[in-house]
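Protein chains get the first letters and strands the later ones, always in sequence-line order, with residue 1 at the start of each.
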Protein chains: 2
Amino acid sequence: MIKTTVQVAEMFKALSNPNRLNIFLRLMNCCAPGTVCSVDEAGKRCVGDLGADLNIAPSTLSHHIKELNRAGLVRMQRRGQHVDCWVDPVVVEELGRFFEPGRK
Amino acid sequence: MIKTTVQVAEMFKALSNPNRLNIFLRLMNCCAPGTVCSVDEAGKRCVGDLGADLNIAPSTLSHHIKELNRAGLVRMQRRGQHVDCWVDPVVVEELGRFFEPGRK
DNA sequence: CCTATATTTCTAAATATATCGAAATATATG
DNA sequence: CATATATTTCGATATATTTAGAAATATAGG
């Protein structure tokens, strides 16, 4: 899945806000900083959980997660009242390769 | 060299603009897209070279490279009329690790 | 010192982003 | 259906970013 420079820039933009980066890191680590991971399904957390201790309004949280989703980094799916979120491992792996030298 | 979430977000922000990302990629690849690498010192290119074919004003180019430098991704040093630029390999390697799962 | 080239600084305008609160929607359950 | 909880949409505002052009600065070479 080859990406254009613009698409990759979109992904980095999604991670360029400290709040969004924290949300992303929580999904990557599968648990809030300093806490033990406890989610229903492996690697998935609902929107509300992701905003814990981040001191942002629910509407802002929703907006940020939508941005991460739009950029292709995070997938979402409603499950009852909640909406589960998880990182797309393939996309994340591709991003990691961006920082390997000698890449073509 | 441990970085805060804010510092890392700054780095991603530096890469969130397509023009800046292109500049960064040229430094990473050490040559313009589709061309053979030809720089004085390994991995270094001057400010002017980095903007070739990017269709941006010199002032804009200078601004973007300064942003990459401020974020810690790119180092710069004047050499005569030119200013050489090169990526900080340590910082880039650290960024790459951000996308490895299971990181603590 | 004068000129040419490279780069930066400053200023300004257009556009984009971050954030909130209020209202709307979705779902579960009594 | 009424209510409670979770999330999203909408509208507004403050702030930040992108970019260019003009002027300033740096360096090399006559």
Side-chain angles (χ1 to χ4, degrees), chain A residues 5-27 32 38-41 44-71 73-86, chain B residues 5-27 32 38-41 44-71 73-86:
Chain A
T5 312
V6 170
Q7 283 176 314
V8 175
E10 284 285 321
M11 295 186 190
F12 288 137
K13 181 181 290 179
L15 299 174
S16 73
N17 173 279
N19 281 329
R20 275 199 301 268
L21 183 54
N22 267 317
I23 292 166
F24 176 78
L25 287 177
R26 286 180 183 193
L27 282 173
S38 64
V39 290
D40 303 84
E41 295 179 59
K44 294 187 183 180
R45 307 184 75 208
C46 73
V47 170
D49 290 349
L50 290 167
D53 309 318
L54 245 46
N55 252 65
I56 53 179
S59 59
T60 305
L61 177 63
S62 175
H63 165 74
H64 282 325
I65 294 178
K66 194 166 75 174
E67 290 290 296
L68 288 166
N69 175 253
R70 265 217 289 256
L73 293 166
V74 166
R75 315 269 229 108
M76 352 181 27
Q77 184 171 39
R78 184 170 274 275
R79 181 172 50 90
Q81 276 176 301
H82 303 264
V83 171
D84 281 334
C85 307
W86 66 98
Chain B
T5 311
V6 171
Q7 284 176 313
V8 175
E10 284 286 319
M11 295 185 190
F12 288 137
K13 181 181 291 180
L15 300 175
S16 73
N17 174 280
N19 281 330
R20 275 199 302 269
L21 183 55
N22 266 318
I23 293 166
F24 176 78
L25 287 177
R26 286 180 182 193
L27 282 173
S38 65
V39 290
D40 301 84
E41 294 179 59
K44 293 186 183 180
R45 307 184 76 206
C46 74
V47 170
D49 289 347
L50 290 168
D53 309 319
L54 246 43
N55 252 65
I56 53 180
S59 59
T60 304
L61 177 62
S62 176
H63 164 75
H64 282 324
I65 294 178
K66 194 166 75 173
E67 291 289 296
L68 288 166
N69 175 253
R70 263 217 291 257
L73 292 166
V74 166
R75 316 270 229 109
M76 347 177 36
Q77 185 171 39
R78 186 170 271 277
R79 184 173 48 92
Q81 276 175 300
H82 302 264
V83 172
D84 280 335
C85 308
W86 66 98

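Within the structure, every side-chain polar atom (N or O) of A/Arg20 is placed at least 4.0 Å from both OP1 and OP2 of C/dT17.
One can place CD of A/Glu67 at 13 Å from P of D/dT8, the figure rounded to the nearest angstrom. Between A/Ile56 atom CD1 and C/dT17 atom P the separation is 17 Å, expressed in whole Å. Regarding A/Leu54, its CG atom lies at a distance of 14 Å from the P atom of C/dA18, rounded to whole Å. Atom P of nucleotide D/dT17 and atom CG of B/Leu15 are separated by 14 Å, given to the nearest angstrom. Across the protein-nucleic acid pair, A/Asn17 atom CG and C/dA16 atom C1' stand 13 Å apart, rounded to whole Å. Protein atom CG of B/Asn19 is 13 Å distant from nucleotide atom C1' of D/dA20, rounded to whole Å. Taking atom CG on A/Asn55 and atom P on C/dC20, their separation rounds to 8 Å, with Å as the unit.
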Tell me which donor-acceptor pairs under 3.5 Å the side chains of residues 9-18 of chain B have, and how far apart each pair is, sequence neighbours excluded?
unit_1	atom_1	unit_2	atom_2	d
B/Ser16	OG	B/Lys13	O	2.7
B/Asn17	OD1	B/Asn19	N	2.8
B/Asn17	OD1	B/Arg20	N	3.0

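Of the listed nucleotides (D/dT19, C/dT17, D/dT17), D/dT17 has the atom at the smallest distance from the side chain of B/Lys13. When distances run from any side-chain atom of B/Ala57 to the nucleotides D/dT19, D/dA20, D/dT17, the shortest one goes to D/dA20.
Between the side chain of A/Arg45 and the backbone N or O of A/Val47 there is no donor-acceptor pair closer than 3.5 Å.
Looking at every heavy atom in both residues, A/Cys85 comes nearest to A/Leu27 through O-CD2, 3.4 Å.
Contact of the B/Leu54 side chain with the B/Arg26 side chain is registered, since non-hydrogen atoms from C-beta on lie closer than 4.5 Å. Contact check for B/Asp84 versus B/Cys46: side-chain heavy atoms found under the 4.5 Å cut-off. Annotation: side chain of B/His64 is not in contact with side chain of B/Leu50 (no heavy-atom distance under 4.5 Å).
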For nucleotides 6-15 of chain C, just jot down a letter per nucleotide in 5' to 3' order: B, S or -, based on protein non-hydrogen atoms under 4.0 Å. SSBB------
